[in-house]
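Following: one structure in structure tokens, then a few remarks.
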Amino acid sequence: MSPSTAQQAKADALRRLHNADQPLVLANVWDVPTARIVETAGFPAIATSSAGVAWTLGYPDGQRISRNEMLEIAGGIANAVALPVTVDLENGYGFDADAITMTVAGLIAAGAVGLNLEDSDGRKAHAVYEFSHAVEQIRAARAAAEAGGVDVVINARTDVFFPTNKGIEDRTAEAIKRGNAFLEAGADCVFVPFIAKPDLIATLVKEIDGPVNILAGPGLPSIRELADLGVKRVSIGGAFSRLAYAAVRKAAEELRDAGTYGFMDGDIPHMELNALLDG
């Protein structure tokens, strides 16, 4: 099987996971070790966290990292695992179609087969793009995938529920409008973060004519409950990376204050981590 054929097979597998009986659950990673851990745990696909990748390179989240830096990490992950890899590409690292084309071409060259593309500017408090422009960004991504020879899975994110002055009804209508327009423009799934109420989730699932991705977190329905609501994809964003940094902070405080080593209990042994990355 040629590299392009193998990559397309992974894209096809990832797309099928969005139409399975149970939701595609993604434990977002940020480097090769975390990707290998998630792969070994039995998840069917690997998704990156844009925040996690940015933080590990010393950037704040919010499209501060460069396209090349993000894609370099993505390529390392894609080459280290056998599973399909989908990459959070934030807003595509540019405002026009040419930038989206470059980003998607780089994604394919890196060996990944899926991407997140959002309709907002992270540097401006998630200010949402004008509707037609947001749709054109998705259309440009699909065209770039076709030109690149890999039918990548596009997860189109809308940030209309990011805190704004709009009422919930206005935001719900806008999310539905954008979600359906994104699907018509070539997206495979619609990602609607920052929501938690079951009735709202059910409405979006009913009114959006394609798979819906929900961002998991405290206060949200369980995976089983989300499945009952018809959700097809559940991701955790930067949760694992935040948890890892919290563990380091707690360990540092114990070492500083108590001078004890309880933080080492339950760690992954040195040789096990080496073995995880060997081959």
Completion exercise
salt bridge (charged side-chain N to carboxylate O under 4.0 Å, His left out) filter on D31, not counting sequence neighbours, yields none
Handout entry: All side-chain hydrogen bond (donor to acceptor under 3.5 Å, both in side chains) counterparts of E69, not counting sequence neighbours
Key = Y59, S66
Handout entry: Under 3.5 Å side-chain donor-acceptor pair for D12 and Q8
Key = yes
Handout entry: By side-chain hydrogen bond (donor to acceptor under 3.5 Å, both in side chains) - contacts of N28 (at least two apart)
Key = none
Practice task
Rounded to the nearest 0.5 Å, what's the gap from NZ on K232 to SG on C189? Could you check?
Solution key: 10.5 Å
Practice task
State the CD1-CZ distance between I154 and R142, to the nearest 0.5 angstrom.
Solution key: 3.5 Å
Problem - Residues E118 and N91: side-chain donor-acceptor under 3.5 angstrom - result: no
Practice task
Give the other cluster members for F95, using side-chain heavy-atom distances under 4.5 Å between Ile, Leu, Val, Met, Phe, Trp and Tyr residues; answer none if it is isolated.
Solution key: Y129
Practice task
Taking all heavy atoms of P44 and all of V25, pick out the closest pair and write down the distance.
Solution key: CD-O, 4.5 Å
Problem - Contacts of type salt bridge (charged side-chain N to carboxylate O under 4.0 Å, His left out), residue R178, not counting sequence neighbours - result: D119, E174
Problem - Co-members of W55 in a cluster of I, L, V, M, F, W and Y side chains, linked at under 4.5 Å - result: Y245
Fill in the blank from the handout: From the list T48, V104, V153, I100, side chain to side chain contact (heavy atoms under 4.5 Å, CB included) partner of L115 resolves to V104
Completion exercise
Distance col, row E184:CD vs R139:CZ, nearest 0.5 angstrom, shows 9.0 Å
Handout entry: Non-neighbouring partners of E253 that pass salt bridge (charged side-chain N to carboxylate O under 4.0 Å, His left out), sequence neighbours left out
Key = none
Practice task
Check for a donor-acceptor pair, side chain of E254 on one end and backbone N or O of G259 on the other, with a separation under 3.5 Å.
Solution key: no
Completion exercise
Note: with side-chain heavy atoms under 4.5 Å as the link, the other cluster members for L255 come out as Y261, F263, M264
Handout entry: Where at least one partner belongs to residues 193-218, residue pairs that pass side-chain hydrogen bond (donor to acceptor under 3.5 Å, both in side chains), sequence neighbours excluded
Key = N155-N213, N213-R233, N213-S235
Fill in the blank from the handout: Sorted by chain and number, sequence neighbours left out, side-chain hydrogen bond (donor to acceptor under 3.5 Å, both in side chains) with T40 holds for none
Fill in the blank from the handout: The remaining residues in the hydrophobic cluster of F191, counting side-chain heavy-atom contacts under 4.5 Å among Ile, Leu, Val, Met, Phe, Trp and Tyr, are L215
Exercise for the section: Please list all pairs passing the side-chain hydrogen bond (donor to acceptor under 3.5 Å, both in side chains) test where one or both residues lie in residues 104-114, with sequence neighbours left out. Expected result: none
Handout entry: Donor + acceptor pair across side chains of S132, E130 (<3.5 Å)
Key = yes
Problem - Rounded distance (nearest 0.5 Å) linking atom CG of D88 with atom OG of S49 - result: 7.0 Å
